[in-house]
Amino acid sequence: GNLMGFAQSDPHQDMLIEGEWQCLECTADSGACEWVGNPEIAPHVNMIETEHSRLGKHWTTASGEEVPALGAKIVPVLTDEWEQGSVAIHMADVNKVLASVSKICDAGNKVVFDNDEKTAEGSYIENKATKNRTKIRKKNGVYVFNLWTWNKHKKGDKTSPNNRAG
């Protein structure tokens, strides 16, 4: 199934490695047209060339900085609720994963933001067909959620995070 942007600070602060799994803390971004993350995400997944990377295009960060489009990865993921899926994440030299709310909705979900953390529902992504929900939490004034991916390099591949197709 299919599940479902930028800021500059300490590099890779939102990628936590837990044993064989990599936790991607994703920032829900209603202004992002695509999911964007760092090439170190999902080292086992090959980066593929995209139209943006082939044409030498750039992504524009919230601060107005331009960063080159490097390609994309189709990343298999699990939510904290053990829902399985995949997400196309465009690669750029950024420090956090920006999750495009538009793409999440295009994939058959609805996104609810609620600043009342006392309610049972709170903020979440809901799959319209299954009614399954992925919890969203507020952290430092922004809405985030976790996705988990396998943290293994391909056998014999010492440079998989930097490999580019094409």
Side-chain angles (χ1 to χ4, degrees), residues 1-18 21-43 45 47 50 52 57-128 130-151 161:
N2 210 357
L3 287 176
M4 339 236 158
F6 313 101
Q8 297 296 324
S9 59
D10 187 36
H12 320 306
Q13 67 179 0
D14 296 314
M15 289 188 287
L16 306 173
I17 306 300
E18 303 238 349
W21 294 90
Q22 182 180 39
C23 178
L24 308 177
E25 185 178 81
C26 303
T27 299
D29 189 339
S30 62
C33 61
E34 298 285 354
W35 285 64
V36 183
N38 189 283
E40 291 181 18
I41 291 168
V45 177
M47 193 176 333
T50 63
H52 278 81
K57 293 190 174 187
H58 292 78
W59 298 104
T60 303
T61 67
S63 65
E65 179 185 357
E66 288 191 343
V67 291
L70 303 175
K73 292 183 180 185
I74 310 300
V75 181
V77 294
L78 288 174
T79 67
D80 280 342
E81 296 79 17
W82 293 94
E83 292 295 320
Q84 190 174 346
S86 64
V87 63
I89 304 177
H90 290 261
M91 299 290 125
D93 187 17
V94 296
N95 297 318
K96 67 168 113 180
V97 178
L98 288 185
S100 167
V101 171
S102 174
K103 292 290 183 187
I104 293 169
C105 292
D106 289 348
N109 301 285
K110 73 176 177 180
V111 181
V112 174
F113 298 108
D114 187 351
N115 64 2
D116 184 359
E117 299 295 326
K118 296 178 189 88
T119 66
E121 290 188 339
S123 300
Y124 56 88
I125 299 166
E126 181 178 280
N127 180 298
K128 291 179 184 179
T130 66
K131 305 299 183 204
N132 291 335
R133 290 182 176 179
T134 300
K135 182 154 179 50
I136 299 175
R137 67 192 183 281
K138 201 168 185 182
K139 179 180 175 185
N140 299 326
V142 297
Y143 291 95
V144 298
F145 60 95
N146 292 337
L147 293 179
W148 296 84
T149 191
W150 188 243
N151 187 39

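- With rounding to the nearest 0.5 angstrom, the CG atom of Leu24 is 12.0 Å from the CD atom of Glu40.
- The only member of Ser123, Cys105, Ser102 that meets side chain to side chain contact (heavy atoms under 4.5 Å, CB included) when paired with Val111 is Cys105.
- Two residues are said to be in side-chain contact when any heavy atoms from C-beta on lie closer than 4.5 Å; Asn115 and Tyr143 meet this criterion.
- For Lys128 (side chain) and Lys110 (main-chain N/O), no donor-acceptor pair under 3.5 Å exists by modelled atom type.
- Atom CD1 of Ile136 sits about 10.5 Å away from atom CG of Asp114, to the nearest 0.5 Å.
- Applying the side-chain contact (heavy atoms from CB on, under 4.5 Å) criterion to Ser30, with sequence neighbours excluded, gives Val101.
- Once rounded to the nearest 0.5 Å, the distance linking CD1 of Ile125 with OG1 of Thr79 reads 9.0 Å.
- Proximity of a side-chain donor or acceptor of Lys96 to a complementary backbone N or O of Thr27 within less than 3.5 Å is not detected.
- Using a 4.5 Å heavy-atom cutoff, the side chains of Val144 and Arg137 are in contact.
- Across every non-hydrogen atom of Val94 and Asn38, the tightest pair is O-ND2, 3.0 Å.
- To the nearest 0.5 Å, atom CD of residue Glu126 and atom CZ of residue Arg133 are 4.5 Å apart.
- The two atoms that bring Ala32 and Ser100 nearest to each other are O-OG, 2.8 Å, heavy atoms only.
- The NE2 atom of His58 sits 9.5 Å away from the CG atom of Leu70 when rounded to the nearest 0.5 Å.
- Classified by interplanar angle (parallel below 30°, tilted 30° to 60°, perpendicular above 60°), the ring pair His90/His52 is perpendicular.
- Glu81 places a side-chain N or O within 3.5 Å of a backbone atom of Lys135 that can act as its donor or acceptor partner.
- Between Glu34 and Lys103, at least one side-chain N (NZ, or NE/NH1/NH2) sits under 4.0 Å from a carboxylate O, which counts as a salt bridge.
- Between Asp29 and Trp35, the side chains place no donor N or O within less than 3.5 Å of an acceptor N or O (distance only, hydrogens not considered).
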> Would Trp82 and Asn132 count as a side chain to side chain contact (heavy atoms under 4.5 Å, CB included) if you check the C-alpha gap in whole Å, the side-chain angles of each, and the deciding distance to 0.1 Å?
Replying inline: CA-CA 10 Å; Trp82 293 94; Asn132 291 335; over 6 Å; no
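- Exactly one of Leu147, Ile89, Asn146 qualifies for a side chain to side chain contact (heavy atoms under 4.5 Å, CB included) with Val77. That residue is Leu147.
- Heavy atoms only, all atoms of each residue included: Gln22 and Ala42 are closest at OE1-N, 2.8 Å.
- By the side-chain hydrogen bond (donor to acceptor under 3.5 Å, both in side chains) test, Glu66 is found to be paired with no residue, residues two or more places apart in sequence or in another chain being considered.
- Gly37 and Ile41 make their closest contact through CA-CD1, 3.7 Å (heavy atoms, listed as atom of the first residue, atom of the second, distance).
- In this structure, the separation between CG on Asp80 and OG1 on Thr134 is 8.5 Å, given to the nearest 0.5 Å.
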